[in-house]
Amino acid sequence: MSSASYKLFLVDLDGTLIGSDSKISPRVSRAVARVRGILHVAIATGRERADVIRFARELGLSTPQLSDGGAMILDPLVGTAIWSSPLGPARAREIIDRLGGLEVPFIATHPQGTFTSIAEITHWDVIRISALDLDQRMADQLIADYEGEPGVDAVKAYLPYNGLWAVDFTRSGVNKAAAARTLAEMMGVETSQLIAAGDSYNDLPLLQACGLRIAMADAPDELKAIADFIAPTADEDGLAIAIEEFVLPRLEKGG
């Protein structure tokens, strides 16, 4: 495909756009600004709405953004959801009850905000539940327990800020790739016209769905195996290097 055909750059947040300090480095910010002048840029992350809006506004992004592992698409200018896919009340209640029994911290996202404890829950319009701060053994066990369960998908994501893991629960078929397809349809573009960058297991479907793929150096082997470019880590400004050395030459020179 001609590089002129790329229309949207989807960027994971933790471990890709930001490193262990949870900040966008000046070099990465400048690189994203250069891309933003040529095509649309959207964050695609497991984080909740408030974080996505904050970072999108820091970068001056106006394109709809993907939060909650692809369970919600946001308008960053007004801060509201333009699309979401709920888990369903019965499934959401079952997952949260289970995490409560395991004494696992969680964030449950709904279109208006988040719940972080059972006591806070006033309704079950929940679109995504993230079990947090898990060691790898417990994360793998939760994934195994829900494998093949109808109506729900579970995927683990590394937490670079503390070295632990999260497990994200969404409605079956809801992930970053599905949200990217929905956004592409809204924008009238093909998935082959999408570029994606990521570093964790929840980025695998996204990279598989896009036309140009970037994996970070500390990504799982499954991501690196399908990547067109492997960037240094986020703490080494890897996204900026990927943009400068791989993306921009294709966008600016048609190479």
Side-chain angles (χ1 to χ4, degrees), residues 3 6-47 51-67 69-70 74 76 157-163 166 176-177 179-180 183 191 193-253 255:
S3 61
Y6 293 116
K7 302 297 184 183
L8 173 63
F9 189 16
L10 294 147
V11 182
D12 171 55
L13 189 56
D14 289 285
T16 304
L17 185 63
I18 61 176
S20 56
D21 62 356
S22 295
K23 296 179 181 179
I24 303 172
S25 77
R27 184 177 179 183
V28 168
S29 182
R30 289 192 298 269
V32 172
R34 291 178 66 188
V35 172
R36 193 190 68 219
I38 303 171
L39 75 173
H40 296 280
V41 178
I43 295 167
T45 179
R47 286 211 198 190
D51 288 335
V52 176
I53 292 170
R54 174 166 60 92
F55 286 110
R57 289 177 176 173
E58 180 179 339
L59 292 168
L61 305 180
S62 58
T63 299
Q65 308 286 300
L66 278 56
S67 72
L74 306 166
Y158 183 65
L159 302 175
Y161 55 85
N162 64 9
K176 293 184 183 184
L183 179 56
T191 54
Q193 297 175 296
L194 308 182
I195 305 170
D199 78 308
S200 197
Y201 290 101
N202 63 353
D203 297 310
L204 182 59
L206 176 63
L207 266 64
Q208 289 172 329
C210 292
L212 202 62
R213 306 160 178 176
I214 299 164
M216 309 304 285
D218 48 1
D221 290 341
E222 294 93 327
L223 261 73
K224 290 190 282 191
I226 66 169
D228 299 297
F229 184 87
I230 299 175
T233 67
D235 287 336
E236 299 169 304
D237 286 340
L239 181 64
I241 292 168
I243 290 171
E244 294 161 1
E245 298 183 2
F246 180 68
V247 176
L248 286 174
R250 284 159 176 76
L251 298 179
E252 295 175 340
K253 299 178 183 179

Exercise. Any side-chain heavy atom of R47 sitting closer than 4.5 Å to one from F55?
Worked result: yes
Exercise. Counting distance only, does the side-chain N/O of K176 pair as donor-acceptor with the main-chain N or O of L206 below 3.5 Å?
Worked result: no
Exercise. Are I195 and R250 side-chain neighbours, meaning at least one heavy-atom pair lies under 4.5 Å?
Worked result: no
Exercise. Is the side chain of D228 donor-acceptor paired with the backbone N or O of R213 at a distance under 3.5 Å, no angle test?
Worked result: yes
Exercise. Which atom pair, heavy atoms only, marks the closest approach of G198 to D12?
Worked result: CA-CB, 3.8 Å
Exercise. S22 and Y161: which non-hydrogen atoms are nearest, and at how many Å?
Worked result: OG-CB, 4.4 Å
For this session: Kindly indicate whether the side chain of I24, heavy atoms from C-beta on, has any atom under 4.5 Å from the side chain of L17.
Result: yes
Exercise. Roughly how far, to the nearest 0.5 Å, is CG of L194 from CG of L8?
Worked result: 5.0 Å
Exercise. Is there a side-chain contact between L10 and C210 (heavy atoms, below 4.5 Å)?
Worked result: yes
Problem set entry | Donor-acceptor pair between T233 and D218 side chains, under 3.5 angstrom | no
For this session: Report yes or no: does K7 contribute a side-chain atom to a donor-acceptor pair with the main-chain N or O of L39 at less than 3.5 Å?
Result: no
Exercise. Is any side-chain heavy atom of D51 less than 4.5 Å from a side-chain heavy atom of I43?
Worked result: no
Exercise. Do the non-hydrogen side-chain atoms of V35 and I38 ever get within less than 4.5 Å of each other?
Worked result: no
For this session: To the nearest 0.5 angstrom, please state how far the CG atom of D14 sits from the OG atom of S200.
Result: 9.5 Å
For this session: Determine whether L13 and I18 make a side-chain contact, defined as any pair of heavy atoms from C-beta on separated by less than 4.5 Å.
Result: yes
Exercise. Between L239, I243, V32, D237, which is the residue that forms a side-chain contact (heavy atoms from CB on, under 4.5 Å) with R27?
Worked result: D237
Seminar exercise, completed: When every non-hydrogen atom of P232 is compared with those of I241, the smallest separation belongs to CG-CD1, 3.7 Å
Problem set entry | Considering all heavy atoms, the nearest V52-S67 contact | CG2-CB, 3.6 Å
Exercise. When you measure from the side chain of N202 to the backbone N and O of G69, does any donor-acceptor pair fall under 3.5 Å?
Worked result: no
Exercise. Among F229, F9, Y6, which one satisfies ring-ring contact (aromatic ring centres under 6.0 Å, His included) with F246?
Worked result: F229
Problem set entry | V41/L59 under side chain to side chain contact (heavy atoms under 4.5 Å, CB included): CA gap, chis, key distance, verdict | CA-CA 10 Å; V41 178; L59 292 168; 5.9 Å; no
Problem set entry | Contact check, side chains of T45 and Q65, non-hydrogen atoms, under 4.5 Å | no
Problem set entry | Test log, rule side chain to side chain contact (heavy atoms under 4.5 Å, CB included), inputs I226 and E222 | CA-CA 7 Å; I226 66 169; E222 294 93 327; over 6 Å; no
For this session: To the nearest 0.5 angstrom, please state how far the CZ atom of R36 sits from the OG atom of S29.
Result: 8.0 Å
For this session: Taking all heavy atoms of A231 and all of G238, pick out the closest pair and write down the distance.
Result: CB-O, 3.4 Å
Exercise. Are R34 and E244 close enough for a salt bridge, meaning some N to O gap below 4.0 Å?
Worked result: no
Problem set entry | Separation between CD of Q208 and CG of L223, rounded to the nearest 0.5 Å | 8.0 Å
Problem set entry | Closest non-hydrogen atom pair between L207 and I214, with its separation | CD2-O, 3.6 Å
